[in-house]
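Both ligands and their constituent atoms are indexed starting at 1 by order of listing.
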Amino acid sequence: MDNTKNILIYSSDTTNSVEVAHTLSQKFKESGYLVETDFTDNKKTSLSLYSKEESRALSEKYQLIVCVGGDGTFLGAVHYFNFPDVPFIGVNTGHLGFFQEIMPDQLDLLIENYKNNRYTLQTMQTVRALVTHDGITEEFTGLNEFIVKCEENYSVHLNISIGDKFIEKFSGDGILISTPAGSTAYNYSLGGSLVDPRLKLIQVTPIAPMNTTAYRSLTSPLLLPPDLGLGIIPDNGGSKGRMAIAYDGFGMTFDTLDEINVMLSEVEVRLMRFESYDFWAKVKSKFI
Ligand code: NAP
């Protein structure tokens, strides 16, 4: 057994999560591991607290980040640590727990499997958005999705291009661009397809598209390969409200947006899975 491995336990701040995190920390220590804990669900209060350098340094110190909470806590941890190379595993104390691999009554199994290398690493793609506004371009990364919409309840009018070719002017609530991992989240509620995370693609899903004689919009989701990006130029004159972007539950608003380019990112997130993990079995157990 390799006793030099450092484990970082990141937990939501609910009583149950904190208890589970303490128990797990104790069990890891009894098995000879060095453990550090972070009991704040930082998602609620702050964004990307780790710089890219600090994030890179994490992989020198830790070999596993255990995230105790639900999917929301896991997404928060991924952003808080700024998409580190260190693999994650989730213990589900939340509601759905699609990312989370184990339940709190399986802590011994987690340690046993980790000790004996009985696991695989699932690689998850992310989506990258370059957002140009007020003369600057900012970059955002989402593990589930990236969304463009109106801050208030107004419709948005967006000129959509694929690989530099104009496709349509979209009118409706907005556009969601999901990763395969995010296909089971908001994308699924919008009627988007479930996508096996082994596929490398982005899914462009319309949010309440208008399709009338006044406005024509594509009404079904589109799948794009890794080498094709989606271009969005908002018709700022035609939209009444402030524009909003959202990614993994975080968001920002703008008076106007000039241009947005969205593509599959090179940044990946790795999740430790037990050998019994099967994406479609998980879909069946959580959704059907
Ligand atoms: P949240 O309350 O943290 O999450 C909303 C629900 O989505 C929770 O039940 C969460 O699971 C689940 N979830 C998150 N990622 C998932 C995934 N990849 N597959 C399946 N379920 C997933 O909401 P939030 O903080 O506003 O945003 C976090 C995510 O929630 C967003 O990235 C978005 O995809 C999703 N969301 C969905 C809707 C919708 O379906 N109408 C609306 C807004 C946001 P846990 O219970 O385990 O946390």
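Under 4.0 Å is where a charged nitrogen must lie from a carboxylate oxygen, and between Glu101 and Arg273 at least one such pair does. With salt bridges taken as basic N to acidic carboxylate O contacts below 4.0 Å, none links Arg242 and Glu152.
Inclusion of Asn92 in the set of residues having an N or O under 3.5 Å from an N or O of ligand 1 is not warranted. Residue contacts with ligand 1: Gly72 is placed with a nitrogen or oxygen under 3.5 Å of a nitrogen or oxygen of the ligand (distance criterion only). The shortest N/O to N/O separation between Gly182 and ligand 1 does not fall below 3.5 Å. In terms of polar-atom proximity, defined here as any N/O pair under 3.5 Å, Leu75 makes no such contact with ligand 1.
Checked by atom type and distance alone, the side chain of Gln100 pairs as donor or acceptor with a backbone atom of Cys67 at under 3.5 Å. Within the 3.5 Å criterion, the main-chain N or O of Thr126 finds no donor-acceptor partner in the side chain of Thr179.
Heavy-atom minimum distance, Val195 versus Ser183: N-OG, 2.9 Å. The nearest pair of heavy atoms linking Val68 to Thr73 is O-CG2, 3.7 Å.
Atoms of ligand 1 lying under 4.0 Å from any heavy atom of Ala181, numbered from 1 in the order shown and given with element: 18 (N). Those atoms of ligand 1 with a heavy atom of Thr184 less than 4.0 angstrom away are 17 (C), 18 (N), 19 (N), 20 (C), 21 (N). The contact set between ligand 1 and Ser189, taken as ligand atoms under 4.0 Å from a residue heavy atom, comprises 39 (C), 40 (O), 41 (N).
Ligand 1 is approached by Gly70 to a heavy-atom distance shorter than 4.0 Å. Heavy-atom separations between Tyr188 and ligand 1 are all 4.0 Å or longer.
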Inset, instruction - Test Phe140 against Tyr247 for ring pair (Phe, Tyr, Trp, His ring centres under 6.0 Å), laying out the working first. - result: CA-CA 8 Å; Phe140 299 91; Tyr247 48 100; 5.2 Å; yes
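Counting heavy atoms only, Glu145 comes closest to atom 31 (C) of ligand 1 of the residues Lys282, Lys286, Glu145. By heavy-atom distance, the residue among Leu176, Leu143, Val283, Asp71 lying nearest atom 45 (P) of ligand 1 is Asp71.
Side-chain contact between Phe81 and Glu54 is absent, with no heavy atoms from C-beta onward closer than 4.5 Å.
No side-chain donor from either of Ser171 and Ser217 sits under 3.5 Å from a side-chain acceptor of the other.
Proximity of Asn144 to ligand 1, defined as any heavy-atom pair under 4.0 Å, is confined to the side chain (atoms from C-beta onward). Contacts of Tyr186 with ligand 1, taken as heavy-atom pairs under 4.0 Å, involve both backbone and side chain.
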